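Here's the structure, in structure tokens; my notes come after.
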Amino acid sequence: MIPTMNRRIDRKFFVGDALDIAPALLGMELVIPKNGLRESFIITETEAYRGEEDLACHARKGRTPRTEMMYQTGGVLYVYLVYGMHWMMNIVTGIQGSPQAVLLRGVNDIEGPGRLTRSLGIDKSYNGEDLDSSHRIWLERTNFNPPYKATPRIGIDYAGPVWKDKPWRFITEGRNLSGNYTTFS
DNA sequence: GTAACGATCCTC
DNA sequence: AGGATCGTTACA
């Protein structure tokens, strides 16, 4: 299966600041072909994790085997397990050596980062997958620019007063996205 | 080797 | 409110 012409998001987009990319992802289409059929989901909730200074970011302790992926050039996936049960799907952003990623927390109509990966079949095998060239997962542009709000990130109270309150979670506003957008196709 | 800790979700 | 469940990390 081939992404529809000119709509696929390429590497350039991902080699930027997680704080810009996280909200820009809202309304974009996540495409995952299944059994030769096109399955796609509109992104509705994201969170930015940016740099070793960000005490909520896994890279706060520097390079480790797990965080190595966050140091790569933007556009690859960073997938890891939390609480022994739930896969978390992140899109790495920034230039090589700058550890950043955007956590995908929700798509239309799946709320929650763990439910999202479970529904879409994302697991460890997607760690390092390249959104710029992969044939099993990629992003496409839409003409949908949903309104959104920014709030503190979820589940990172351990990060301390400065970092836990940064409004780096981005979530679309409005109940039912269905019918509120159209894709170019 | 040992132990503590989660970027969560489900059930009570 | 509490349990599930296990990879990652730090430390002895």
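Owing to the predicted nature of the structure, the values given are computational and were not obtained by experimental measurement. By convention in this document, chain letters (A, B, ...) are assigned in the order of the sequence lines, proteins followed by strands, and residues within each chain are numbered from 1.
Atom pair A/E111:CD and B/dC9:P shows a separation of 10 Å (rounding to whole Å applied). In this entry the distance linking CZ of A/R169 with C1' of B/dT8 reads 13 Å, nearest Å. Rounded to whole Å, the distance from CD on A/Q100 to P on B/dA7 is 18 Å. Residue A/D54 contributes atom CG, which lies 12 Å from atom P of B/dA7 at whole-angstrom precision. Rounded to an integer number of Å, the gap from A/M88 CE to B/dT8 C1' is 6 Å. As a whole-Å value, the separation of A/L103 CG from B/dG6 C1' is 14 Å. Atom P of nucleotide B/dT8 and atom CD1 of A/I154 are separated by 8 Å, given to the nearest angstrom. One can place CG of A/L104 at 12 Å from C1' of B/dA7, the figure rounded to the nearest angstrom.
Projected onto DNA chain B by closest heavy-atom contact, A/G155 and A/R115 fall at different nucleotides, the more 5' of which corresponds to A/G155.
Using a 4.5 Å cut-off on side-chain heavy atoms (C-beta onward), A/L25 and A/L139 make contact.
With both pairing distances under 3.5 Å, C/dA4 is matched to B/dT8 as a Watson-Crick or G-U wobble pair.
For the atom pair CD of A/Q100 and CD1 of A/I91, the computed distance is 13.0 Å after rounding to the nearest 0.5 Å.
Among the heavy atoms of the strands lying under 4.0 Å from A/R118 are primed sugar atoms or P, OP1, OP2 only; no base atom is included.
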A correct 5'-to-3' footprint of nucleotides 2-12 of chain C, with B, S and - meaning base, sugar-phosphate only and no protein heavy atom under 4.0 Å, is --BBBSSSS--
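Between the side chain of A/R11 and the main chain of A/G74, a donor-acceptor pair closer than 3.5 Å is present. Within the 3.5 Å criterion, the main-chain N or O of A/T64 finds a donor-acceptor partner in the side chain of A/T67.
For the side-chain hydrogen bond (donor to acceptor under 3.5 Å, both in side chains) with A/D54, the lone residue among A/K166, A/R60, A/R153 that qualifies is A/R153.
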Just do the salt bridge (charged side-chain N to carboxylate O under 4.0 Å, His left out) check on A/D17 and A/R50 with the steps written out, would you? CA-CA 8 Å; A/D17 193 314; A/R50 191 178 70 155; 2.8 Å; yes
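A/R136 forms a cation-pi arrangement with A/Y126, by the criterion of a distance under 6.0 Å to the ring centre and an angle within 45° of the ring axis.
Remark: ring of A/Y49 overlaps the six-membered base ring of B/dA7 in a stacked fashion, centroids less than 5.5 Å apart, planes less than 30° apart.
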